[in-house]
Amino acid sequence: MSIHEEATEVPEADSRDTTEGRVYTVSGGDWEDLIEDSRHDERMVINMGPQHPSTHGVLRLVLEMEGETVTQLRSVIGYLHTGIEKNCEYRTWTQGVTFVTRMDYLAPLSTELSYCLGVEKLLGIQAPRRAELLRVMLLEINRIGSHLVYIATGGMELGATTAMTLGFREREEVLHLLEHLTGLRMNHAFIRPGGLAQDMPADYQEVVSAFVKTMDERLPLYDKLFTGQPIWRNRLKGVGYLPVDACLALGVTGPVLRSAGLPWDMRKTEPYSRYDEFEFDIPTSTDADCWARYLIRVEEMHQSLRIIKQCLKKLEPGPVMVEDKKVAWPAQLSIGSDGMGNSLEHVRKIMGQSMESLIHHFKLVTEGFKVPPGQTYTAVESPRGELGVHLVSDGGTRPLRVHVREPSFVNLQSMPAMAEGGLVADVIAAIASIDPVMGGVDR
């Protein structure tokens, strides 16, 4: 059979001759195939991240696009995986604090508190009143710092480089203060099971008051620079829309949920650490877009300053660690150069005067304390939403299981719902409005 004869045997579409020439009729499956092929002529699949400066950390987004419009979005995570939860299971209950504080590295004190509340619940103990109030103060200072990074990085990603300069200038005030109060700028491991690692420095009232005064003066600048700025407003308004039913379906919490109109905040709905004694408001909106999330976070900083001022008035002298010597570590000690409480004076005393004290201290540091069998889930309101820690104890000196419900991880599920159907430029605004911390996502 010749090539010419073979070609003529391929079935052709129906045709008819008209005065204008031959007309072909394409129908049925042929037409569907034709449309399907032409529909994706403009389709592109592009990678965004994990090294992209606008993906809010080492987050990789796989975008399917037609022109500038995103038709499909997939988040690819795991580039910052640390295995923190599994590591905690091979350390004592107290040592676990030094691991969980490294998850959400912009709000480390929130994770520390959630973890320690869980350990205290299993032990059946409660931290002293002074320790609980100081925990609240530290968490609110930390919340302000986290929201400042949201404005700074979110602004930079959208091209507002001044936001980066100003945001990190104010965040430096936060880090200086936390370093003065806890000894470290980040990853503090300051909140411990039973209380705090140590009491505040002697001048903490004056230093914190000066910080509040500085922030009260500087926060209105953000309204001048951003809230009334038409370019900023146009980049955020109506972008990244996620209504309240979608938030609930995806488990989204924090400012993203409150921007959709639901005033769900763990500090009010399920108070912990004496938050029920404080007066503060939960800002909400029904716009459910990036603009609403920005306004809510700015207002939350003002509310945090309100709480800090109330803390300073409520604080009274007292212990910052439980009295139980079998749990308290460090307890009634001055902090040594190692930061763990082994001051030279204490070591000299227990080595020279009491063998029992030395043995007890050695066992507490090396083995840790035992926690009764059981399991618990404790949640706090981190700057990104509900941060819960599930702990399981088999009665030993180490956790049997540690799992963290990390709000950045859960909230990141909303990316496709926010971005699909919008422009690629709006993907950046949507990521920034979720404010994910990849250390918490990948942990």
Side-chain angles (χ1 to χ4, degrees), residues 56 70 73 140 143-144 146-148 150-151 153-155 157-158 160 163 219-220 222-271 275 278-307 379-387 405 407-423 425-436:
H56 231 71
V70 178
L73 181 148
E140 295 308 316
R143 190 183 310 278
I144 293 170
S146 178
H147 285 347
L148 285 168
Y150 150 75
I151 293 178
T153 55
E157 287 155 11
L158 293 173
L219 275 183
Y222 289 86
D223 284 324
K224 284 184 185 174
L225 191 64
F226 300 113
T227 313
Q229 226 280 1
I231 300 174
W232 182 256
R233 182 188 292 259
N234 292 340
R235 285 302 307 270
L236 301 183
K237 202 116 173 99
V239 171
Y241 181 72
L242 194 72
V244 68
D245 54 343
C247 288
L248 293 173
L250 293 167
V252 171
T253 52
V256 182
L257 175 60
R258 294 191 283 277
S259 75
L262 189 67
W264 180 266
D265 188 311
M266 303 299 289
R267 297 173 294 174
K268 286 278 191 188
T269 53
E270 296 177 24
Y275 265 110
F278 292 88
E279 288 183 20
F280 61 100
D281 300 319
I282 305 299
T284 58
S285 170
T286 52
D287 293 341
D289 59 3
C290 295
W291 176 247
R293 288 162 214 147
Y294 157 73
L295 292 175
I296 281 171
R297 287 189 176 99
V298 172
E299 179 55 32
E300 280 189 8
M301 288 194 277
H302 288 287
Q303 296 302 323
S304 290
L305 289 172
R306 273 182 73 187
I307 296 171
V380 304
E381 184 70 30
S382 94
R384 270 153 283 283
E386 180 181 332
L387 194 161
R405 186 228 183 257
S408 293
F409 176 76
V410 180
N411 293 355
L412 202 58
Q413 292 181 110
S414 63
M415 268 306 301
M418 283 188 189
E420 288 175 3
L423 301 176
D426 296 338
V427 171
I428 307 300
I431 298 174
S433 75
I434 297 173
D435 189 26

> For residues Ala163 and Phe226, report the shortest heavy-atom separation together with the two atoms involved.
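The answer is CB-CZ, 3.2 Å.
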> Any side-chain heavy atom of Leu305 sitting closer than 4.5 Å to one from Leu219?
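Yes, side chains in contact.
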> Can you list everything that forms a side-chain hydrogen bond (donor to acceptor under 3.5 Å, both in side chains) with Ser146? Sequence neighbours excluded, please.
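Ser146 satisfies side-chain hydrogen bond (donor to acceptor under 3.5 Å, both in side chains) with Arg384 only.
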> Where the side chain of Gln413 meets the backbone of Leu250, is there a donor-acceptor pair that is under 3.5 Å apart?
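Judged by distance alone, yes, a pair lies under 3.5 Å.
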> What residues, two or more places apart in sequence or in another chain, satisfy salt bridge (Lys or Arg N to Asp or Glu O under 4.0 Å) together with Asp223?
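Result, salt bridge (Lys or Arg N to Asp or Glu O under 4.0 Å) vs Asp223: none returned.
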> Please name all residues satisfying side-chain hydrogen bond (donor to acceptor under 3.5 Å, both in side chains) with Glu381, sequence neighbours left out, ordered by chain then number.
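side-chain hydrogen bond (donor to acceptor under 3.5 Å, both in side chains) list for Glu381, sorted by chain: Arg258.
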> So how far is it from Arg267 CZ to Phe278 CZ, rounded to the nearest 0.5 Å?
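Going from CZ on Arg267 over to CZ on Phe278, the span is 11.0 Å.
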> Could you pull out all residues at least two apart from His147 that satisfy side-chain hydrogen bond (donor to acceptor under 3.5 Å, both in side chains)?
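Residues passing side-chain hydrogen bond (donor to acceptor under 3.5 Å, both in side chains) with His147: Glu300.
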> Please set out all donor-acceptor pairs under 3.5 angstrom arising from side-chain atoms of residues 232-248, sequence neighbours excluded.
| unit_1 | atom_1 | unit_2 | atom_2 | d |
| --- | --- | --- | --- | --- |
| Arg233 | NH2 | Thr227 | O | 3.4 |
| Asn234 | ND2 | Pro230 | O | 3.1 |
| Arg235 | NH2 | Ala425 | O | 3.1 |

> In chain order, what residues pass the side-chain hydrogen bond (donor to acceptor under 3.5 Å, both in side chains) check against Ser304, with sequence neighbours excluded?
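So Ser304 forms a side-chain hydrogen bond (donor to acceptor under 3.5 Å, both in side chains) with Glu140.
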> Would you check if Arg405 and Thr253 make a side-chain contact, meaning some heavy-atom pair closer than 4.5 Å?
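SC-SC contact between Arg405 and Thr253 confirmed.
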> Mind listing the closest non-hydrogen atom pair of Met301 and Ile144 along with its distance?
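Distance-wise, the nearest heavy atoms are SD-O, 3.9 Å.
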> Can you see which heavy atom on Asp287 is nearest to which on Ala292, and at what distance?
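Looking at all heavy atoms of both residues, the shortest contact is CB-CB, 3.9 Å.
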> Does a salt bridge link Asp281 with Arg306, judged by any charged N lying under 4.0 Å from a carboxylate O?
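Arg306 and Asp281: salt-bridged.
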> Indicate the atoms forming the closest heavy-atom contact of Ser414 with Val252, along with that distance.
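Heavy atoms of Ser414 and Val252 come nearest at CB-CG2, 4.0 Å.
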